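Data block below; observations after.
Remember, it's a predicted structure, so these values are computed and weren't measured experimentally.
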Amino acid sequence: MNKTSLAAMAAAVVVLASCGGNGGSKNKYPDSELFGNVLALQCQYADQDSILKAEMEEADKNTEWTESGVKKYTELKEKTKAKREQAAADLAAGVEQAKATLIGRDIPFEVAADAGYEVTELKVSDIDKRGTFFVKAKIRVTDAKVAKSFDPRQMDISWYEADAEGNDTKVGHGMQRLTFPAKIEVGSEVETGGIQMGNHASKKSAQAYYNFGKMVFGK
């Protein structure tokens with residue numbers, strides 16, 4: 001193996017390893033093909049917030065509750081609160097900037113063969129200030145008998161999220177009742193409301209989303 005290949009392999013290892021470390025240095029976490037830099041922003045925020053929480057926990061244990069000690073503790077608490085608020089604001093600002101390239105992005109999906117409908121489109125519709133993604137799907141009925149509910153204008157759909165290996169992640173499960181403009185027939189179409197992807201506002205959840213594979217729809 002030549003030096004160029006070895007260097008490339010080493011660089012790849014660094015990128016893959018970077019997601020699991022401690023600390024909150026910028027650019028430490030890689031961008032995601034699907035979710036852009038939002039997962040990295042969430043991880044960096046979580047690192048910083050954990051450090052600030054730990055500092056306050058240490059102060060809680062070690063502060064001497066004298067007049068001067070209480071004064072120092074109060075000052076530290078106020079500074080820590082301001083830093084946490086600024087970190088949350090920075091996360092929200094970063095997410096807002098990322099929306100320009102992420103809203104409307106296609107999300108991979110699969111539909112169960114016996115669902116009675118097909119998904120013709122699944123796109124990112126919104127991202128909240130903490131970085132949780134919402135998507136909307138366009139639905140077309142393929143079997144009116146299977147698709148319809150008690151109301152001939154309504155049907156229920158369900159979904160779960162799978163990782164890159166196709167395994168159910170056990171997060172992001174949900175159901176939604178859809179109302180069509182007229183009685184359901186083959187070819188009837190409707191768009192879902194916003195579907196929240198599993199809450200990945202925590203670092204653990206954000207890291208798991210680096211291995212997101214697809215949304216799987218069923219009856």
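Sorted by first then second residue, the ring pair (Phe, Tyr, Trp, His ring centres under 6.0 Å) pairs that include residues 74-132, not counting sequence neighbours, number zero. Screening residues 171-192 for ring pair (Phe, Tyr, Trp, His ring centres under 6.0 Å) gives Y160-H173 as the qualifying pairs, with residues at least two apart or on separate chains.
Considering only heavy atoms from C-beta on, M197 comes within 4.5 Å of F212 through its side chain. Counting heavy atoms from C-beta on, the side chains of R130 and V95 never come closer than 4.5 Å. At a threshold of 4.5 Å between non-hydrogen side-chain atoms, the residues T63 and K72 do not count as touching. Looking only at side-chain heavy atoms (C-beta outward), F133 and R105 stay at 4.5 Å or farther from each other. The shortest side-chain heavy-atom distance between F35 and L102 does not fall under the 4.5 Å cut-off. When side chains are defined from C-beta on, V190 does not count as touching T179, because their heavy atoms never get closer than 4.5 Å.
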Decide yes or no on salt bridge (Lys or Arg N to Asp or Glu O under 4.0 Å) for E191 and K138, but give the supporting numbers first.
CA-CA 4 Å; E191 184 176 58; K138 288 186 177 180; 5.2 Å; no
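Nearest heavy-atom pair across A87 and Q48 is CB-OE1, 3.7 Å. Of all heavy-atom pairs between Y210 and P30, the closest is OH-O, 2.6 Å. Across all their heavy atoms, M175 and S158 have their closest contact at CG-CB, 3.9 Å. In this structure, P108 and G213 approach most closely via the heavy-atom pair CB-O, 3.4 Å. The minimum heavy-atom distance linking Q44 with K28 is given by the pair NE2-N, 4.2 Å. Closest approach of T169 to A162, counting heavy atoms only: CG2-C, 3.8 Å.
We find the NZ-CZ distance between K183 and R153 to be 12.5 Å, quoted to the nearest 0.5 Å. Note: N37 CG to C43 SG = 11.5 Å, rounded to the nearest 0.5 Å. In this structure, T132 OG1 and D126 CG are separated by 10.5 Å, a value rounded to the nearest 0.5 Å. Of the inter-residue distances, the one linking K214 atom NZ with E110 atom CD reads 3.5 Å to the nearest 0.5 angstrom. Here OG of S202 is found 9.0 Å from CD of Q207. Values are rounded to the nearest 0.5 Å. To the nearest 0.5 angstrom, I107 atom CD1 is 8.5 Å from M215 atom CE.
Residue V186 shares its hydrophobic cluster (ILVMFWY side chains chained together at separations under 4.5 Å) with no other residue. Its side chain within the 4.5 Å cluster rule, V70 clusters with M56, W65, Y73, L76 among the Ile, Leu, Val, Met, Phe, Trp and Tyr residues.
Hydrophobic clustering (side-chain heavy atoms under 4.5 Å, transitive across Ile, Leu, Val, Met, Phe, Trp, Tyr) groups V171 together with V135. Connection of V119 to I184 is established within a shared hydrophobic cluster, with ILVMFWY side chains joined at heavy-atom distances below 4.5 Å, either directly or through further cluster members. One hydrophobic cluster holds both F217 and L34 under the rule that ILVMFWY side chains link at heavy-atom gaps under 4.5 Å.
Using a cut-off of 4.0 Å between Lys/Arg side-chain N and Asp/Glu carboxylate O, E96 and K99 are scored as salt-bridged.
Not counting sequence neighbours, the partners of N211 by the side chain to side chain contact (heavy atoms under 4.5 Å, CB included) test are D163, A164, E165. In this structure T192 satisfies the side chain to side chain contact (heavy atoms under 4.5 Å, CB included) test together with K136, A137, I139, I157, Q176, L178, I195, sequence neighbours excluded.
Counted within 6.0 Å of CD on E67, heavy atoms from surrounding residues, nucleotides or ligands total 12 or fewer; the atom is thus considered open. With a 6.0 Å radius and a threshold of 12 heavy atoms from other residues, nucleotides or ligands, E121 has its CD atom above the threshold. With a 6.0 Å radius and a threshold of 12 heavy atoms from other residues, nucleotides or ligands, K123 has its NZ atom above the threshold. Counting heavy atoms of neighbouring residues, nucleotides and ligands inside a 6.0 Å radius, atom NZ of K219 exceeds 12 of them.
Put simply, the side chain of T142 gets close to the backbone of G116: a donor and an acceptor are under 3.5 Å apart. A donor-acceptor pair is defined here as one N or O able to donate and one able to accept, closer than 3.5 Å; no such pair exists between the side chain of D49 and the backbone of Y45.
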